[in-house]
Amino acid sequence: MLKVALVLGARPQIIKSAPFIHLASEDKQVHLDVIHTGQHYDYEMTKIFFEELKLPDPLVNLNVGSGTHAQQTAKVMLRLERILQKQKPNLVVVPGDTNSTIAGALTAAKLHIPVAHMEAGARSYDMKMPEEVNRRLTDHCSTLLFTPTENCTKNLLKEGIAKNKIHQTGDTMYDALIQQMPKAEKSPILEQLGLEPQKYALLTTHRPENVDNPENLRSIVEAITRLNQLTIVFPAHPRTQKQLRKFRLYSAVQKQRHIKMIKPLGYHETVKLIKNSALVLTDSGGMQKEAFWLKTPCITLRETTEWPETVKLGANCLVGANTQRIVHRATEILDKGEEIGEKLENLPNPFGDGKASQKMLDAIKSFAPSLTFTTT
Ligand code: UD1
């Protein structure tokens with residue numbers, strides 16, 4: 001029996017891992033333990049996804065909570081080390097690029113337990129992003145690297161990672177989207193918010209570079225205030241809500257009648273909202289891809305992206321947190337709605353065929369007999 005531990009802790013990691021958790025849990029040759037770090041702890045940031053995606057309860061929750069990057073990462077390492085020493089898994093799987101990802105990878109590597117990185121090879125080439133640090137270091141201490149796209153594979157090869165460690169599986173977030181689409185379609189969120197398809201834009205922002213910087217956050221608020229020709233739905237991350245209050249922008253957003261600022265949403269509600277919106281404005285990595293798959297134009301509120309595939313295909317554009325650029329691009333998209341819609345319908349999908357999680361599990365099982373910590 002192959003013992004696998006999967007370490008997750010933040011909202012997007014639960015979504016990415018869900019199809020793999022289901023497959024591995026049903027496989028008789030595999031014993032899977034899910035370890036939740038507790039990086040996210042609010043109902044809307046974690047539990048709701050376990051419920052919607054029908055995931056088994058984690059073996060343990062390390063309850064690390066919020067803190068500085070060093071505190072959060074170190075707390076996960078200290079608490080996880082004890083669990084891994086006790087459980088003795090043959091492999092530790094870490095999804096994505098959060099502090100829980102790097103903490104999981106480092107702890108396992110130091111115990112000489114092989115690491116498998118789900119969503120390996122993504123690069124924004126911006127080392128100021130905590131996620132860029134996390135994913136690069138995770139890739140370099142992993143034994144199995146599962147890449148979502150050819151570009152991610154190339155990034156790893158450029159960094160000298162051995163070809164035989166890399167498996168281009170496709171994107172597990174795409175698997176999740178395909179599997180959950182029928183349920184997402186049934187979400188009553190449009191009626192609940194009084195929205196009509198294509199008559200609203202969806203905004204999310206939570207990156208430190210935007211929400212911890214008063215100028216950037218103010219520019220984004222200014223842009224959505226000006227975009228009053230349509231409704232803006234704004235599910236605000238807890239960190240964003242806190243920062244809006246701190247920079248005295250909260251009531252400025254609330255008093256705009258065309259802006260609906262609401263609490264963070266579940267997965268099905270989010271997917272339904274993305275699919276039916278005229279455009280998505282976001283600084284999230286995952287939502288850039290979800291908008292692409294759901295054929296909704298995306299405006300990314302950053303200067304770089306780890307998903308250049310979507311930009312190259314013309315489905316996404318980078319505008320930073322610049323009011324003029326946001327408003328200009330959004331207006332352009334709204335003016336050319338139909339033309340853009342047709343273009344998005346016909347794009348190739350570089351993110352695989354929706355079977356990435358099965359390919360991951362197959363690769364893990366075929367490597368199982370020789371699965372040892374690589375010393376090079
Ligand atoms: C983390 C990930 C990011 C991912 C995001 C998804 C890192 C470095 N970042 O960012 O890649 O896109 O998750 O949401 O790991 N908070 C709550 N309740 C919660 C969780 C957080 O109120 O359940 C608030 C706290 O004020 C906390 C802040 O949000 O300090 C930031 O949380 P944190 O886990 O540090 O990072 P995220 O911004 O969520």
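Each ligand, and each atom within it, is numbered from 1 in the order the structure gives.
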Undergrad: As an exercise, identify every atom of ligand 1 less than 4.0 angstrom from a heavy atom of Gln72.
TA: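 Reading through ligand 1 atom by atom, the close ones are 34 (O), 35 (O).
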
Undergrad: Considering only heavy atoms, which of Gln241, Arg135, Gln243, Gln39 lies nearest to atom 33 (P) of ligand 1?
TA: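 When every heavy atom of Gln241, Arg135, Gln243, Gln39 is considered, Gln39 comes closest to atom 33 (P) of ligand 1.
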
Undergrad: On a heavy-atom basis, I'd like to know which of Ile102, Val133, Asp42 is closest to atom 18 (N) of ligand 1.
TA: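 The option holding the nearest heavy atom is Asp42.
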
Undergrad: Pick, from Pro12, Pro238, Ala10, the option with the minimum heavy-atom distance to atom 6 (C) of ligand 1.
TA: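 Of the listed residues, Pro12 has the closest heavy atom.
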
Undergrad: Less than 3.5 Å between some nitrogen or oxygen of Lys242 and one of ligand 1, yes or no?
TA: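 Yes, there is a polar N/O contact under 3.5 Å.
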
Undergrad: Measure the acute angle between the ring planes of Phe367 and His167, then classify it against the limits of 30° and 60° as parallel, tilted or perpendicular.
TA: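 Ring orientation of Phe367 relative to His167: perpendicular.
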
Undergrad: Considering the heavy atoms of Arg239, write down every atom of ligand 1 situated less than 4.0 Å from one of them.
TA: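 Answer for ligand 1: 28 (C), 29 (O), 31 (C), 36 (O), 37 (P), 38 (O).
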
Undergrad: If hydrogens are left out, which of Lys47, Arg11, His206, Met129 has an atom nearest to atom 4 (C) of ligand 1, that is, the closest non-hydrogen atom?
TA: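 That would be His206.
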
Undergrad: Are Trp307 and Phe292, when compared by the centres of their aromatic rings, separated by less than 6.0 Å?
TA: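 No, the ring centres sit 6.0 Å or more apart.
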
Undergrad: Let me see the working for Thr107 and Val7 under side-chain contact (heavy atoms from CB on, under 4.5 Å), right down to the final yes or no.
TA: CA-CA 11 Å; Thr107 311; Val7 180; over 6 Å; no

Undergrad: Which ligand 1 atoms, with their elements, are less than 4.0 angstrom from a heavy-atom of Met45?
TA: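 Answer for ligand 1: 14 (O), 19 (C), 23 (O).
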
Undergrad: Report the relative orientation of the aromatic rings in Tyr174 and Trp293; use parallel for angles under 30°, tilted for 30 to 60°, perpendicular for over 60°.
TA: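 Tilted: the ring planes of Tyr174 and Trp293 meet at 30° to 60°.
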
Undergrad: Is a side-chain N or O of Ser277 found less than 3.5 angstrom from the main chain of Ile274, in a donor-acceptor match?
TA: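 Side chain of Ser277 to backbone of Ile274: a pair is present.
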
Undergrad: Backbone or side chain, does any N or O of Asn134 fall under 3.5 Å from an N or O of ligand 1?
TA: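 For ligand 1, there is no N or O atom that lies under 3.5 Å from one belonging to Asn134.
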
Undergrad: For His69, is the nearest heavy atom under 4.0 Å from an atom of ligand 1?
TA: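 Judged by the 4.0 Å heavy-atom criterion, His69 does count as contacting ligand 1.
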
